[in-house]
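What follows is a single structure, written as structure tokens, with notes after it.
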2 protein chains.
Amino acid sequence: MLKTLDRGLHALRTIGQHVDGLLTAELAKELDVDRAIAYRIVSTLEQHRMVVRQPDGRLVLGSAALDLGNRFLPQFRRLAAPVLERLTALTDAAAFISIAEGRFCTAILVSEPHKALFTVSYRVGSSHPIDQGAAGIAILAGRPATDDDAPEVREARTKGYALTTGALQKGAIGVASPILPVRRTGAGLEACVGVVAMEDLDTERAIREVTAAAIEIARLVST
Amino acid sequence: MLKTLDRGLHALRTIGQHVDGLLTAELAKELDVDRAIAYRIVSTLEQHRMVVRQPDGRLVLGSAALDLGNRFLPQFRRLAAPVLERLTALTDAAAFISIAEGRFCTAILVSEPHKALFTVSYRVGSSHPIDQGAAGIAILAGRPATDDDAPEVREARTKGYALTTGALQKGAIGVASPILPVRRTGAGLEACVGVVAMEDLDTERAIREVTAAAIEIARLVST
DNA sequence: ACTAGGTGTGCGATAAAAGGAAAAGAGAAA
DNA sequence: TTTCTCTTTTCCTTTTATCGCACACCTAGT
């Protein structure tokens with residue numbers, strides 16, 4: 001374990017947690033290191049554009065942080081694609097992975113069954129309000145509980161999956177399960193995996209496979 | 001400058017650049033360090049979930065990378081908000097900042113003029129195809145030139161701004177300018193700043209102020 | 001069996017970072 | 001103005017974390 005790198009990454013996380021930014025001296029306190037050390041860490045992070053100093057001296061994340069996040073998604077797709085294909089094969093339904101984007105929920109990866117004559121079309125990039133549909137509810141269920149969670153979100157949280165019928169499209173059945181960090185640390189990945197089909201869905205089996213897939217994917221990204 | 005942290009950040013970037021992931025030994029070559037060093041760097045990054053080892057040993061970015069990217073946006077909004085407000089005041093038009101999201105272009109921050117009786121509504125979160133509208137064209141113009149750039153993108157790239165009339169809404173005039181990294185390194189932030197108004201826009205002035213704002217915001221995030 | 005390429009670990013030498021202290025700068029209050 | 005306070009930066013000595021070679025293991029291909 002490289003101590004200097006470790007501290008730098010802690011610094012990054014800490015800076016990310018403060019929406020209003022923080023002063024280098026404050027960062028030093030949070031990291032419990034000498035101020036001189038904090039300044040050295042910050043200057044290194046600055047060189048990589050991971051953090052930026054505002055005119056008033058407060059530190060916030062820099063554009064390289066966004067870049068890194070954007071580069072995560074393509075890799076994640078490749079990583080999760082095999083799992084999703086297997087889920088499709090096992091359930092004979094269209095499988096998807098969706099992530100939260102503000103108040104919406106967007107499909108970032110879809111796998112459709114080969115044999116089916118016609119499938120429920122769920123395109124990559126398509127999004128819907130996060131409080132509707134199995135996917136959105138599953139993502140909300142993956143977040144820490146709050147007082148104003150909808151009943152279906154609470155239910156999904158205890159059961160570990162969300163099931164909706166006709167929520168987004170008439171006659172469509174959706175099952176989705178949140179992809180939770182293996183060790184619950186921070187918000188991290190707000191995503192879910194699920195399947196959607198027209199009525200002809202073996203619900204029992206879909207629930208079993210979807211939840212299994214969620215666990216498997218979670219392990220893939222956070223082992 | 002902390003050497004260990006510097007190497008770690010280089011490693012992160014390198015891993016992010018390889019969509020298919022790379023082996024630790026390959027990473028060592030790219031960083032031009034001893035393999036032992038690469039292993040130690042990787043193990044530290046792994047502990048922070050910044051990278052994950054696939055079953056086959058290849059390294060890809062982990063969920064913490066996405067988390068970091070998500071935390072950038074709120075901070076960026078705060079950072080850019082004052083500039084945007086000033087832009088609104090100077091041009092008497094609705095000002096916005098948009099970023100690329102795949103094939104779409106999404107507004108992440110909007111500032112509307114106070115005095116105006118009614119304004120062009122450009123809501124935060126609203127998105128449109130990236131090849132339409134001043135915002136999308138400006139973002140495309142901020143990318144490196146390619147052979148299949150549309151003429152209006154080429155024009156925007158040389159001029160430094162995009163101007164469209166009625167592209168997204170009848171009667172609306174839009175001016176937007178890409179927010180370019182101060183030192184052109186990598187893709188980074190694919191964003192633009194602009195204003196939109198109904199016909200009554202002092203175009204000359206808008207162009208001047210919008211390009212100035214783009215430069216100022218670029219400095220804010222990458223100084 | 002042997003090679004080649006990837007992986008993982010131990011250890012002494014030394015380059016690199018820690019950390020105290022103090023100077024330099026920037027504001028705010030007196 | 002002067003005098004605070006707080007942040008930022010530089011300097012320098014000590015300490016230790018890191019380097020980089022080494023060795024051992026594993027797997028697949030010849």
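A, B, ... follow the sequence lines: proteins, then strands. Residue 1 opens every chain.
Note: CE (A:Met1) to P (D:dT18) measures 8 Å, nearest angstrom. In this structure, B:Asp6 places its CG atom 11 Å from P of D:dC19, rounding to the nearest Å. Atom CD1 in A:Ile41 sits roughly 14 Å away from atom P in D:dT8 (whole-Å rounding). Atom CG in A:Leu31 sits roughly 11 Å away from atom P in C:dA18 (whole-Å rounding). Rounded to whole Å, the distance from CG on B:Asp34 to C1' on D:dC19 is 8 Å. B:Leu2 has its CG atom 12 Å from the C1' atom of D:dA17, to the nearest Å. Atom pair A:Ile37:CD1 and D:dT9:C1' shows a separation of 15 Å (rounding to whole Å applied).
Put simply, the side chain of A:Gln75 gets close to the backbone of B:Ile15: a donor and an acceptor are under 3.5 Å apart. A distance-only check finds a donor-acceptor pair linking the side chain of B:Arg77 to the backbone of B:Ile108 [under 3.5 Å]. In this structure, A:Ser177 contributes its side chain and A:Gly160 its backbone to a donor-acceptor pair below 3.5 Å.
Summarising the local packing, CG of A:Asp56 is surrounded by more than 12 heavy atoms from other residues, nucleotides or ligands at distances under 6.0 Å.
For the pair A:Asp202/A:Glu204, a side-chain contact is recorded, criterion being any heavy-atom separation below 4.5 Å from C-beta on. Looking at heavy atoms from C-beta onward, A:Leu201 lies in side-chain contact with A:Val175 at the 4.5 angstrom threshold.
Taking 4.0 Å as the cut-off between side-chain N and carboxylate O, A:Asp149 and A:Arg157 count as a salt-bridged pair.
A heavy atom lying under 4.0 Å from DNA chain C marks the following residues of residues 14-24 of chain B, by number: B:Leu23, B:Thr24.
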Please list each protein N or O that sits under 3.5 Å from an N or O in nucleotides 10-16 of chain D, with the distance.
none

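The two residues B:Arg53 and B:Gly57 have their closest heavy-atom pair at NH2-O, 4.0 Å.
Each of B:Arg35 and A:Leu5 has a nearest nucleotide on DNA chain D; the 5'-most of these lies closest to A:Leu5.
The residue A:Arg58 sits apart from the nucleic acid: no heavy atom pair falls under 4.0 Å.
Side-chain N/O atoms of B:His18 and B:Glu30 include a donor and acceptor closer than 3.5 Å.
Distances shorter than 4.0 Å separate none of the side-chain N or O atoms of B:Thr4 from OP1 or OP2 on C:dA16.
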